[in-house]
Amino acid sequence: MTGGRTRAWDDDGLDDGVPFLARLEKADRAALLAIGRPLHYAARSVLMHQSEPSAHVLLLLHGWTKVTATAANGYEALLALRGPGDILGEGAALSGRHRSATVTALEPVDAIVIDETRFTAFLSGNARVALRLLGLTTDRQRSTDRRRLQWAALTVRERLAVLLLELVRTHGTRTDEGIELTLGLSQQEFAGSVGSSREAVARLLKELRDKQVVATRRRGIVVLRPDILRRIIGERPA
């Protein structure tokens, strides 16, 4: 516990679907955190910029971030949400290439920053941690492949329903009105996540709002009828 909050890596019973820090032995985790220094980021601040050279990696302690990439034509895709226990920037650090995505704080974030040289030297001297990082990379790629296959079989309406239900599960807070999604994602970010245009997502959200499945707020959504979203996922085009 830190400040009354339970950290994501404090449970020794976590399985392979957990963030990087949760995969490490306690001694390895402590040693890795010790070679870095703490940093605090305000909500909506940018932690890493796409295409910049790599200089460090980040270990998230508290707070959630979004990972986005922008194509040459300006289209922005939401690639992932990363939170407590996750590692950021390791791909560029290990490959020597520029960063492939931008990372932005969705809320106040506490992190440990580790210089790239110190990080790679630590991995060279600790095979257990290096293997855990390799396992994380493999799991992330498998997840991306599964999502790509799933998305190919779904309509945009179904993809949006899947995304909303995932956010209900991972970032939903029950209120008197319904289940509030505590991460404020914009319509453009929803569009980037489901591989569609902002206009199409806006139309679909209006449809769901008119049917009282969701209620929209400024940079926020309340899911009123998750059962309807599950029904949408069960639908297939005729």
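What you find for Phe190 and Leu167 is that their closest heavy atoms are CE2-CD1, 3.8 Å. The heavy-atom pair separating Tyr75 from Ala191 by the smallest distance is OH-O, 3.2 Å. Pairing each heavy atom of Ala105 with each of Thr65, the nearest pair is CA-CG2, 4.2 Å. Nearest approach of Ala111 to Tyr41, heavy atoms of both residues: CB-CE1, 4.3 Å. Looking at every heavy atom in both residues, Leu181 comes nearest to Gly172 through CD2-CA, 4.5 Å. Pairing each heavy atom of Pro19 with each of Asp86, the nearest pair is CB-OD1, 3.5 Å.
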For this session: Show your working on side-chain contact (heavy atoms from CB on, under 4.5 Å) between Asn126 and Leu32 and close with a plain yes or no.
Result: CA-CA 10 Å; Asn126 194 316; Leu32 179 61; over 6 Å; no
Problem set entry | Worked verdict on Glu90 versus Leu123 for side-chain contact (heavy atoms from CB on, under 4.5 Å) | CA-CA 11 Å; Glu90 77 286 353; Leu123 293 182; over 6 Å; no
Problem set entry | Verdict with supporting geometry, Val103 and Arg82, side-chain contact (heavy atoms from CB on, under 4.5 Å) | CA-CA 9 Å; Val103 181; Arg82 301 290 182 221; over 6 Å; no
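In this structure the side chain of Arg225 never reaches within 4.5 angstrom of the side chain of Lys211, judged on heavy atoms. Counting heavy atoms from C-beta on, the side chains of Leu33 and Leu24 never come closer than 4.5 Å. Proximity of Leu133 to Phe119: side-chain heavy atoms (C-beta onward) are separated by under 4.5 Å at one or more points. Looking only at side-chain heavy atoms (C-beta outward), Val222 and Val214 stay at 4.5 Å or farther from each other. Side chains of Glu166 and Val162 form a contact here, defined as non-hydrogen atoms less than 4.5 Å apart.
Put simply, the side chain of Glu180 never gets that close to the backbone of Thr173: no donor and acceptor are under 3.5 Å apart. Checking side-chain atoms of Thr104 against main-chain N and O of Arg44 turns up no donor-acceptor pair under 3.5 Å. Under the 3.5 Å distance criterion, the side-chain polar atoms of Arg198 are left unmatched by any main-chain donor or acceptor of Gln187.
One distance of note links OG1 of Thr120 with CD1 of Ile114; it measures 10.5 Å at 0.5 Å rounding. Atom CZ of Arg157 sits about 9.5 Å away from atom CG of Leu229, to the nearest 0.5 Å. The distance from the NE2 atom of His49 to the OG1 atom of Thr102 is 7.0 Å, given to the nearest 0.5 Å. To the nearest 0.5 angstrom, Leu81 atom CG is 6.5 Å from Leu106 atom CG. The distance from the OG atom of Ser196 to the CH2 atom of Trp151 is 11.5 Å, given to the nearest 0.5 Å. The CG atom of Leu39 sits 8.0 Å away from the CD1 atom of Ile112 when rounded to the nearest 0.5 Å.
Of the options Arg99, His56, Met48, a side chain to side chain contact (heavy atoms under 4.5 Å, CB included) to Leu88 is made by Met48 and by none of the others. With Leu208 as reference, Leu164 is the one residue of Leu164, Val223, Ile228 to meet the side chain to side chain contact (heavy atoms under 4.5 Å, CB included) rule. Only one option out of Leu205, Ile232, Leu165 pairs with Leu160 in a side chain to side chain contact (heavy atoms under 4.5 Å, CB included); it is Leu205.
Side-chain contact, Glu116 with Ser54: a donor N or O sits under 3.5 Å from an acceptor N or O. In summary, the side chains of Asp110 and His40 do present a donor paired with an acceptor at a separation below 3.5 Å, with no hydrogens or angles considered.
Heavy-atom contacts from other residues, nucleotides or ligands closer than 6.0 Å to CZ of Arg37 number 12 or fewer. The number of heavy atoms from other shown groups lying within 6.0 Å of CZ (Arg209) is above 12. Shown here is Asp176, whose CG atom has no more than 12 heavy atoms of other residues, nucleotides or ligands within 6.0 Å.
No chain of hydrophobic side-chain contacts below 4.5 Å, direct or via other Ile, Leu, Val, Met, Phe, Trp or Tyr residues, connects Leu134 to Leu94. Criterion: ILVMFWY side-chain heavy atoms under 4.5 Å apart, direct or through other members. Under it, Val46 and Val113 are not part of a common hydrophobic cluster. Linking Ile, Leu, Val, Met, Phe, Trp and Tyr residues whenever their side-chain heavy atoms come within less than 4.5 Å places Ile87 and Ile35 in a single cluster. Under the 4.5 Å side-chain heavy-atom criterion for ILVMFWY residues, no single connected hydrophobic cluster contains both Leu224 and Leu204.
Ion pairing of Glu207 with Arg203 is absent here, as no side-chain N (NZ or NE/NH1/NH2) approaches a carboxylate O to less than 4.0 Å. Salt bridge present: Arg148 and Asp145 bring a charged side-chain N and a carboxylate O closer than 4.0 Å.
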